[in-house]
Amino acid sequence: MKLIVLGSGTCVPSLKRNAPGYFLESEGMRILVDCGSGTLLQLERAGKSYKDIDAVFVTHLHPDHFADLMPLIHALLATPKFKREKKLLIAGPAGLKEYYQNAFTPIFGRRELIEIAEIQGEIEFEPFSISSAKTIHSPESLAYRIESGGTSIVFTGDADYDERLIALSNNADLLITDCSFTHSLKMKGHLSAGECGLIANKAGVKRLLLSHIYPSDIPDSERVREAGEVFDGEVVLAEDLMEMVI
Ligand SMILES: [Zn+2]
Ligand SMILES: [Zn+2]
């Protein structure tokens, strides 16, 4: 799988870190995990086209993870001389269908092109297999484990420390975490860097990518140090437009 970090930031506007969004590609299929504000422009900066996205997996319905879905659909429907033939799957937590119906259908009408799926447990979207776990953050928030070609990436979405995250991340090749703060600034409903390291350690993952970074006066390197205190594997701080092959 090829991964591009489109946004390593949060809801706080930042010129350095866009709101959350990740591009994943395997066997010619391209998906987004989260689609926060600015994701469409980040895709352009990454040299990828919004026209080629096959599915979007949303972790939860907070705007920093979700807000560019409307511009994405608008662009797919309204780009001059472009006719989208393949369906776009939008998958996410419970409540997504109702949200779509209330917020999107009045604007775009009912469209055959768009398929909405609420994820309960697992979903196949070839060549990707996606499993999920509830997270401690918002009533609907999910974490995803995405496997393809024998490798696995776990996205915690927004999450607090939880045994279910450890189970979902078991032996994953890459764990991408909500690393909102260092321990001293820990907020409920988000992971601290130390907790990210602890989950990575207990789950036995190969690599840990710290993301969802709030702007802070504490240097970013402190997060890597804090996570590295409890996790022996490789700890990487996410940067926008960073690419990895997993
Ligand atoms: Zn968030
Ligand atoms: Zn959130």
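For ligands, and for the atoms within them, numbers begin at 1 and follow the listed sequence. Position 1 is the first residue of the sequence, and the numbers go up from there.
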Exercise. Do you see an N/O/S atom of H190, backbone or side chain, under 2.8 Å from the Zn ion (ligand 1)?
Worked result: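 No N, O or S atom of H190 is closer than 2.8 Å to the Zn ion (ligand 1), so no.
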Exercise. How many protein N, O or S atoms sit closer than 2.8 Å to the Zn ion (ligand 2)?
Worked result: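 For the Zn ion (ligand 2), the figure is 4.
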Exercise. Mind checking what makes ring-ring contact (aromatic ring centres under 6.0 Å, His included) contact with Y99, not counting sequence neighbours?
Worked result: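 Per chain and number, Y99 pairs via ring-ring contact (aromatic ring centres under 6.0 Å, His included) with F66.
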Got [X] and [Y] here, is their nearest side-chain heavy-atom distance under 4.5 Å?
X    : Y    : value
D173 : I153 : no
I4   : Y22  : no
I73  : I90  : yes

Exercise. Other hydrophobic cluster members with L185, side-chain heavy atoms of Ile/Leu/Val/Met/Phe/Trp/Tyr under 4.5 Å, chained?
Worked result: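 Result for L185 is V12, F181, M187, Y214, I218.
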For this session: Only counting residues at least two apart or in another chain, list the ones meeting salt bridge (charged side-chain N to carboxylate O under 4.0 Å, His left out) with K134.
Result: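 Not a single residue meets the salt bridge (charged side-chain N to carboxylate O under 4.0 Å, His left out) criterion with K134.
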